[in-house]
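Written below as structure tokens is the structure these notes are about.
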Amino acid sequence: MAVTPASELPKNFQPRDAEDRWRRHWEEHRLFHADNTSTAPAYSIVIPPPNVTGVLHLGHGLVQTIQDVLIRHHRMLGENVLWVPGTDHAGIATQHVVVEKLRAEGRTRQEMGREAFVAEVWKWKHEYHARITNQIKLLGCSVDWEREAFTLDEPRAHAVRVAFKMLFDQGLVYRGKYMVNWDPVSLTALADDEVEYEDEEGTLWHIKYPFADGSGQFAVVATTRPETLLGDVAVAVNPTDERYAASIGQMVELPLTGRRIPIIADDFVKKDFGSGMVKITPAHDPNDFACGQRHGLVLINIFTDDARLNESAPEDYRGLDRYDARERIVADLKAAGLLERIEKHPHRVGRGYRSKAIVEPRISDQWFVKVAPLAERAVRAVRDGEIRIAPKHQENTFFAWMENLRDWCISRQLWWGHRIPIWHAKDGSGTMICWDGDGVPPEVAANPAAWEQDNDVLDTWFSSGLWPFSTMGWPEKTADLRTYFPTSVLVTGHDILFFWVARMMMMSYGLTGQRPFADVFLHGLIFGKSYYRRRGGDMELVPPAERMRLGLDEMEQPPKDMEVKWEKMSKSKGNVIDPIEMFDLFGVDSVRISLVAYSGQGRTIEIDRQRISGYRNFINKLWNASRFVLAATESITPEQFRGGILAEGLAREDRWILSRLSECIDAATTALSRYEFDQYIAAIYRFLWDEYCDWYLELVKGRVYLKDGSCTSVAAKVVLLSVLEQVLRLLHPVIPFATEEIWHLLRERLTGAAAGEKVPEAPAPAEAGKVLGFRDGFHGISLCVAPWPTDRTFRDPAACAEIDFLKVIIGGIRNIRGEMGVPLEMKIDVLAQHADPATRSLLESAAPQVQALAGVAALTVAEHHAPAPFASTFVSGALTLQVLLPAALREQEGARLSKELLRLRKGWDVTSAKLSNEKFANSAPAPVVEKEREKLRAYESDMAAIEAKLQSLKG
RNA sequence: GGGCGGAUAGCUCAGCCGGUUAGAGCACCAGCCUUACAAGCUGGGGGUCACAGGUUCAAAUCCUGUUCCGCCCACCA
């Protein structure tokens, strides 16, 4: 590729073309492939595997970009970096999608049979797998695709079986009867955290159970689920409840069933709720189950799998759906005069997170992991700092949760997943074989008819719990496992701290004895803008279609009758931002940097397209600064540049920008090491835009335009290039495409090498002392593998002070221009006076820059100037500027000075009040007091000067 | 009910191991197509840092309480 002349580069950065080109370049050169024989310090991350049939959303964009920033940063630090990609089979979610698809085709999984259904899901998986992985590639993630894993592929299946058997043999996996959240639509048990609760307006029925002694008295119980009374086995009261002390041990008639049940005493009953009497249905309520266990009560399951009444119910009700049964039962109770009253009762209803069906608490045989011993180890790891959680406050949430865990139900009545590696003897003896090998255990092979494999599959989180080491080849002792495990950091949303992060910790300690990762970084959740219209007192969501029709997303402010609310993104709210669409509009880099810049720790991330376009502008700024630098430095030879920055020829602005660059490198590096991504971006953003572009480029233009090849001109160009090249390296982790594009333009220019070609490392500084640090990174074939800038300590306070002074002067003149409305084409003369000769010579030497930046015709510097006939005055300490202006502006100048005086007086008041407080002078540290005195003096002299000017204006 | 977090400019946020006239981006106003950039440049307006107390010479920053908002966990039969 020939070197493109800077004049031919487009005025705006074109992301699309650059993205494709560099993605290919990285792939061709296998830059993201990890070498497990490397001796460099290892740095590894496993990706939180997205659902294999999922579609990329901004949440993925965020979590993947954060990881990519870390990975790219550490790769540039020269570490042995591995980022493992992969996808999750996502049991319920995926099965649900395929079931729905089949339903649309008029088919059901039951009629297909297990094998055919699972084959169908695999087909589906293959089809959609490419979609999500391509989207991760689009994002520019520097993962090692040669190590891609899937939670249900053969190596992971092997790991799952081995893990299950290890836990089984240790007695940490067991089978038991347990109250589970039964989803009657998905026909599976759900883990507690797969149930979503919502407040709903329910009904509380107060039902009378007649005492069996024929006294005509009733025990009144209240329930939100009257149909469950068919499974009641007792009525409970609190043992300290005096009202019912005499009833304990008596029997009551259970309506509609002809059964008699006892009244028992149990602490869990609240005396002040309802009548203080509770019906006990151990098979259909968690509390009742626990109570039943305590009292040795029987379990009566009254439901079928799809929540119809079963044969345990009286004949009249059998086969009825639970809600039809409810109506019938309520009606029958009413008819029997056993319904005392009905009241409205707000309560929380649990629904399956996929099917949205109301879950039915139910007793069934399930597999469990005994978590107590595993949790204890994980908690200790966090307490001892063996695993660090950022942000820190999440640790408390973690502890609170870990310390009251129930055993983890790991069986799911699904077909899509890791089938439980247990074979049951069909003889009813309860004999089980746990087998972690391929195929079937030998006993089963010998006599297949006598055995039956457990029908259930494992909870998805069981296999993802092994992810940090199953991806490395565990249980085999692979080179990857030795080199990259434990991993360095786990990045994920705080919403799955418990689902996933805690389980990885437990599994890792339980199975490998090691921590799964050293750090956990939990990012916030992404919120989008929803629009609501005020309707009377209510707020009504503006539906997505209307939102689009009105073009609300393009508006700066919502229409008057609407309000914006930031909410978790969801399709139905219409507040979803599609990352792919954003890629098209603004480029991948803009999306990446926006997400990372807003990912302040531990909160929601509220994002809309205006933010993204703001960062697109930033990238464009970088692009245009680069165009300028390329054009301005065409005369620079590779030798001149690669020799490093010579102290000779450096001007004060060069030393200043290098000093500021060094501080920026330090700030960016520190921020990254602390996961403070917003700080990382802010530091570079500020530096590039506010210092490099706004000041440095402008300050050196004069020297750059010198065509004489002088030492000062060369120095300016070398510094321009060097600073830009290092900024590109600093920004590369977050905007890899744009920086790679520009970096190669520079590299070709300055080394003559094409993108894939290697070049020698920049020569080491020949004359120490005459050459500053800041060597270039062009010896790599890609910015991905260029070294991270290391010059963090170069400081030049004198140059910084001088530039700050020039900024004050230029700012002062510009302020006058702006306030007085002097147009830029009108060049003005300025008289500067300063008592200090050194400052005067600084001013004289900087005169061309002041003239250029402030639109000044002549800058005359003297120890003292006589007052001009008319001038606008700027005062700062020993400096006075008179900006010569037409006398017509006299009145305006008066107003301007009065405003300035007011501002100064406000400052003076505050400072003088502080100083006149004796206690302040006595107690505050001397430097603080001295600083205040200094401030006061400055106010006073500035005020005096301005007052004098005001007087002379009047006179 | 328990826990965690938040309240700073119109919006989104930074500052918070106490000490500048409280900052940024976007939005707003005025003027500029100044040969890197109008996706830009220059200037400007805008905040009693939720409220009430307290500690301190000094509080956006530390402590207590109140109000409101968000999230997580448990759960009311």
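In what follows, chains carry the letters A, B, and so on, assigned in the order in which the sequence lines appear, proteins first and then strands, with residues in each chain numbered from 1. No hydrogens, no waters, no symmetry mates; every other heavy atom, side chains included, goes into these values.
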Can you tell me the distance, in whole Å, between the CG atom of A/D266 and the P atom of B/A77? 17 Å
Would you say the base of B/A14 and the side-chain of A/E676 have a donor-acceptor pair closer than 3.5 Å? no
I want to verify a distance call: between B/G19, B/G40, B/C4, whose nearest atom is closest to the A/K621 side chain? B/G40
Contact class for A/N922 (heavy atom, under 4.0 Å): base, sugar-phosphate, or nothing? nothing
What base-paired stems does RNA chain B take part in, with at least 3 consecutive Watson-Crick or G-U wobble pairs and both distances under 3.5 Å? B:1-7 with B:67-73, B:10-13 with B:23-26, B:28-32 with B:40-44, B:50-54 with B:62-66
For the side chain of A/R686, starting at C-beta, report the closest nucleotide among B/A36, B/A77, B/G25. B/G25
From the list B/C37, B/G43, B/G19, which nucleotide is the closest neighbour of the side chain of A/N624? B/C37
Using atom P of each nucleotide, how far apart are B/G47 and B/U8 to the nearest Å? 15 Å
Tabulated below should be each protein N or O lying under 3.5 Å from an N or O of nucleotides 33-35 of chain B; please produce it.
none

Does a distance-only test, which skips hydrogens and angles, find a donor-acceptor pair under 3.5 Å between the side chain of A/N12 and the base of B/A39? yes
N/O (side chain, A/N617) to phosphate O (OP1/OP2, B/G40) under 4.0 Å: yes
Contact class for A/A625 (heavy atom, under 4.0 Å): base, sugar-phosphate, or nothing? base
Between A/Y939 and A/W908, does the ring centre distance come in under 6.0 Å? no
Let's see if you can work this out: which of B/U12, B/C37, B/A14 has an atom nearest to the side-chain heavy atoms of A/Y598? B/U12
Nucleotide nearest A/T911 when distance is taken to its side chain, options B/U21, B/G19, B/C73: B/U21
Just call it for A/V269: base, sugar-phosphate, or nothing, with non-hydrogen atoms closer than 4.0 Å on any strand. base
Checking contacts here: which listed nucleotide (B/G40, B/C57, B/A39) is nearest the side-chain heavy atoms of A/W689? B/G40
Using a 4.0 Å heavy-atom cut-off across all strands, classify A/P823 as base, sugar-phosphate, or nothing. nothing
When you check the phosphate oxygens OP1 and OP2 of B/U21, does a side-chain N or O of A/Y939 lie under 4.0 Å from one of them? yes
From the list B/G15, B/C37, B/G19, which nucleotide is the closest neighbour of the side chain of A/E698? B/C37
Describe the nucleic acid contact of A/N917 in one word from base, sugar-phosphate, nothing, applying a heavy-atom distance below 4.0 Å. sugar-phosphate
Taking N and O atoms by type only, does the side chain of A/R903 place a donor or acceptor under 3.5 Å from a partner on the base of B/U21? yes
Can you identify which nucleotide, out of B/C4, B/G44, B/A77, has its nearest atom closest to the A/T397 side chain? B/C4
Of all the choices, B/G19, B/C76, B/A36, which nucleotide is nearest to the side chain of A/N287 once you look at every atom? B/C76
From the set B/C26, B/U42, B/C11, return the single nucleotide nearest to any side-chain atom of A/R611. B/C11
Taking distance alone, no hydrogens or angles, what donor-acceptor pairs closer than 3.5 Å link side-chain atoms of residues 920-927 of chain A to residues at least two apart or in another chain?
unit_1, atom_1, unit_2, atom_2, d
A/N922, ND2, A/E918, O, 3.3
A/S923, OG, A/K919, O, 2.7

Side chain A/K11 and base B/C37 donor-acceptor under 3.5 Å: no
Could you tell me whether A/K935 contacts a base, only the sugar-phosphate backbone, or nothing, with contacts defined as non-hydrogen atoms closer than 4.0 Å? sugar-phosphate
